[in-house]
Amino acid sequence: MLDYLKELNEVQREAVVRTEGPSLVIAGAGSGKTRVLTYRIAHLLKQGARPSNILALTFTNKAAREMKDRIGRVAGENVARYLWMGTFHSIFSRILRAEHETIGYPSNFTIYDSSDSKSLIKTIIKDFQLDDKTYKPNVVASRISMAKNNLITPMAYANSPEIRSADKNMRMPAISEIYKEYAKRCRLSGSMDFDDLLLITNLLFRDHEEILKKYQERFGYVLVDEYQDTNYSQYLIIKKLAAKHNNICVVGDDAQSIYSFRGARIENILNFKNDYPDHRVFKLEQNYRSTQTIVNAANSIIARNKKQIPKNVFSENALGKPIKILSALTDNEEGFLVAQEISQLQLRDHYQFEDFAILYRTNAQSRIFEESLRKRNIPYKIYGGLSFYQRKEIKDLLSYFRMTINPDDNEALKRIINYPARGIGQTTVGKLEVSAVSNETSIWRVLTALPEINHSQVNKGTATKLMGFVALIDRFQKLSQESDAFETAKTIAEQTGILKDLYNDKSPEGLSRHENIQELLNGIQEFSISAKEQGDPDKLENYLEDVALLTDQDNEKDEEKNKVTLMTVHSAKGLEFKNVFIVGMEENLFPSQRQGEKATQESLEEERRLFYVALTRAEENAWLSYANQRYRWGNLDFCTPSRFLEELDERYTEGQVPTGVSGRASAEQSNVSYSSPAQRFAQRQPSSSFKTRESQNILNKKLVSLKESGRAQDTFQGDDPGKIQAGMTVQHQRFGEGKVLKIEGIAPDLKATVFFRTTGQKQLLLKFAKLRIKS
DNA sequence: GCTCAGGGCATTTTT
DNA sequence: TGCCCTGAGC
């Protein structure tokens with residue numbers, strides 16, 4: 001037997017070696033799914049399949065990269081390189097760029113991220129003179145996204161009575177028009193949003209048989225990871241691509257389908273057997289990750305679900321310790337208990353901090369645990385929040401890159417035409433945009449037609465400024481042709497003045513922004529170097545193709561090691577930790593019920609699966625914690641999982657509506673402070689340095705102005721700002737004594753915004769103020 | 001371009 | 001409860 005096959009159990013091995021025909025691999029939690037996928041590909045290669053004939057689709061870059069690395073180790077890196085392996089979006093954008101002529105897009109089309117889409121939708125709503133309180137950009141965006149993921153084109157949307165009447169019921173009959181206009185403007189900007197990458201691929205294959213054929217023939221083997229998370233659009237593409245050779249292998253776990261809110265269809269995996277009658281099923285049922293106790297508890301949660309593929313996930317690991325319940329009266333106490341458990345375990349059983357994870361349902365819940373961990377000096381990291389690529393300074397610079405590569409990109413243009421400030425105000429941009437829309441073209445084209453078309457519309461001074469901007473971008477375009485990505489990027493960062501602008505800002509934020517830009521440039525340098533080594537194209541254009549599809553989970557830093565992990569259950573999927581705390585069990589784990597909505601059978605089952613996912617992240621110990629009296633389950637401390645689950649099942653009755661008032665009432669009676677979900681949500685604060693929201697920049701600007709007028713300092717010294725409370729008398733280096741009015745955003749990295757009033761002075765907003773508590 | 005007040009609002013998230 | 005956006009006013 002081949003060496004690598006010895007590392008597999010029997011079912012895994014069968015799933016690996018049965019390479020021909022449709023295969024469905026049901027991979028229970030912790031059952032070695034990645035291992036099967038990678039070995040299967042390695043096996044295909046060993047059997048003589050050409051790497052360029054293998055298509056392997058994943059949902060995240062991280063998954064793709066890990067798999068590629070592992071295959072490289074088994075089959076050789078030179079072979080792994082040529083695999084068509086990547087995320088749905090990256091693979092299809094590659095195909096769309098290759099086939100750009102057929103679909104009528106430039107090959108260098110921009111990929112709009114969600115904030116670009118949202119801002120475009122906002123603009124359209126404004127242009128249509130619709131009320132943006134009725135037409136909420138978020139809602140409109142999700143309707144459009146839903147349509148695209150179900151392959152409903154603007155035309156089909158307009159022609160569907162059901163959809164139109166649903167829109168009417170939501171008092172948004174014009175969504176159809178907005179969708180149409182949105183699609184049009186994307187096209188005029190030479191841009192696609194994330195959903196377009198799938199939708200247009202579908203249309204390409206639907207309308208151009210010869211192209212479909214080409215790819216069908218190319219991809220002799222199609223493999224899909226996390227199949228339960230595919231949406232309709234992805235499902236159809238896969239189906240089409242695999243239709244010729246019929247060698248399709250999908251891997252997934254219906255019990256871990258938790259993404260229906262973003263279009264994932266569990267039906268895709270449940271119906272696989274109907275789509276491919278000659279399929280074979282491989283059930284990976286042995287869990288190698290968790291103790292028996294945890295596996296059994298997790299199983300019993302989803303046992304009542306109707307929609308599922310029957311399986312029997314088991315563990316031969318030790319029985320393990322019972323699942324522990326932490327009950328607390330208040331959320332503060334809950335945080336305290338969790339932190340206490342962690343430090344005890346770390347000291348007593350010599351766990352590393354990285355062995356712990358705290359999982360919650362919503363990001364807003366992280367705060368209390370951050371505070372309690374910080375009090376004990378337990379290092380931690382938070383996932384979720386603003387990604388590196390979403391930060392203002394990064395988006396700004398990337399927008400220059402985008403303009404350089406595709407100047408029709410309106411969203412990028414609007415972002416940077418006056419950043420750094422060059423005296424082109426909103427009014428001017430507005431005029432340009434109106435002109436672009438009425439001429440059915442991009443703002444850039446309007447600009448470059450100056451002064452012929454628009455001479456009358458803007459005054460001479462503005463026109464000069466605009467031409468200056470055009471010249472700048474022109475220069476960058478030439479540069480990008482001649483130089484590699486790094487050279488171009490560096491020059492752009494310098495010549496636009498962005499680098500200098502940030503360098504001059506000595507506030508901590510300015511510093512960190514400057515660092516971020518440096519980091520981005522370093523990344524581009526690495527890209528250029530490795531592209532040269534590999535003989536790949538090394539232009540800015542090529543870098544930009546990748547970067548739109550990257551997220552910050554794609555570059556984890558070493559300094560992030562050995563810290564307790566805080567994240568939502570959703571983002572914990574695919575990860576494992578020795579010790580897992582599932583917190584906020586009292587209600588926040590069940591938002592479908594907390595809103596007072598009736599839980600549907602579907603939502604109920606998904607909530608169960610979510611809990612299943614959470615629990616199966618734990619290898620050795622799991623805790624469930626909750627923080628008020630509303631759901632006090634008697635003496636459940638240190639109970640057995642089954643007892644807990646019985647209790648839980650009572651709550652999981654279909655259609656159960658929470659008695660929102662009773663929680664509050666009982667809390668009042670017992671004189672315990674009750675924190676409602678709304679209140680907790682309200683406490684949401686930017687909780688780490690990675691969460692610099694764009695809108696926070698307004699605050700930052702305020703700081704800068706304060707600083708420039710010599711009225712604020714920028715670092716804390718001495719006292720832990722966490723100890724600073726409203727009402728306290730504090731000493732400020734420059735202003736002397738004053739009273740703290742209000743504090744916002746006490747973050748683990750010791751930053752706070754303090755509203756500060758000194759005698760006879762106006763109220764001051766001090767970010768990162770240098771304060772000393774006066775005792 | 002800044003400040004201030006008022007009102008609406010508030011899951012889960014990858015690409 | 002606080003965040004975030006907007007619009008009025010300077």
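Letters A, B, ... are given to chains in the order of the sequence lines, protein chains preceding strands, and every chain is numbered from 1.
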Got a salt bridge between Asp229(A) and Lys573(A), using NZ or NE/NH1/NH2 to carboxylate O under 4.0 Å?
yes

Whole angstrom value for the distance that separates P of dT15(B) from CG of Leu197(A)
13 Å

Looking only at heavy atoms, which two atoms of Ile238(A) and Tyr227(A) are closest? And how far apart?
CD1-CE1, 4.0 Å

Taking only N and O in the side chain of Asn231(A), is any of them less than 4.0 Å away from OP1 or OP2 of dT14(B)?
no

dT13(B) C1' sits how many Å from Tyr383(A) OH, rounded?
15 Å

Between the side chains of Arg415(A) and Asp116(A), is the shortest nitrogen-to-carboxylate-oxygen separation below 4.0 Å, so that they form an ion pair?
no

Mind telling me whether dT12(B) is syn or anti, cutoff 90° either side of 0?
anti

Residues from residues 85-94 of chain A lying under 4.0 Å of DNA chain B - heavy atoms:
Thr87(A), His89(A)

Look at the rings of Phe527(A) and Tyr543(A) and say which category their plane angle falls in: under 30° parallel, 30 to 60° tilted, over 60° perpendicular.
perpendicular

When rounded to whole Å, the CE to C1' distance for the pair Met192(A) and dT15(B) reads 14 Å

Among the nucleotides dT13(B), dT15(B), dT11(B), which one has an atom lying closest to any side-chain atom of Thr362(A)?
dT11(B)

Ring centre gap for His570(A) and Phe261(A) strictly below 6.0 Å
yes

When Watson-Crick pairs (N1 to N3 and N6-O4 or O6-N4) and G-U wobble pairs (N1-O2 and O6-N3) count only below 3.5 Å on both distances, what is the dot-bracket string of DNA chain C, with | for other-strand pairs?
||||||||||

So what does Phe261(A) hit on the nucleic acid, given a heavy-atom distance under 4.0 Å: a base, only sugar-phosphate, or nothing?
base

Are Asp254(A) and Lys307(A) close enough for a salt bridge, meaning some N to O gap below 4.0 Å?
no

Distance below 4.0 Å between Asn61(A) side-chain N/O and dT15(B) OP1 or OP2
yes

Any Lys136(A) side-chain N or O less than 4.0 Å from OP1/OP2 of dC9(B)
yes

Residue Arg262(A), side-chain heavy atoms: nucleotide from dT14(B), dT15(B), dT12(B) that is nearest
dT14(B)

Expressed in angstrom and rounded to an integer, what is the separation of His570(A) atom NE2 from dT13(B) atom P?
7 Å

Using the C1' atom on both, measure dT13(B) against dG2(C) and round to a whole Å.
24 Å

Taking only the side-chain nitrogens and oxygens of Ser114(A), find out if one of them lies under 4.0 Å from OP1 or OP2 of dT15(B).
no

Below 3.5 Å, does any donor atom in the side chain of Arg361(A) face an acceptor in the base of dT12(B), or the other way round?
yes

Distance in angstrom units between Tyr360(A) OH and dT13(B) C1', rounded:
14 Å

Pairing donors with acceptors under 3.5 angstrom, does anything connect the side chains of Asp409(A) and Ser189(A)?
no

Looking at Phe109(A), does the NZ or CZ of Arg97(A) lie under 6.0 angstrom from its six-membered ring centre and within 45 degrees of the ring axis?
yes

Within 45° cone of Tyr612(A) ring axis and under 6.0 Å: Arg609(A) NZ or CZ
no

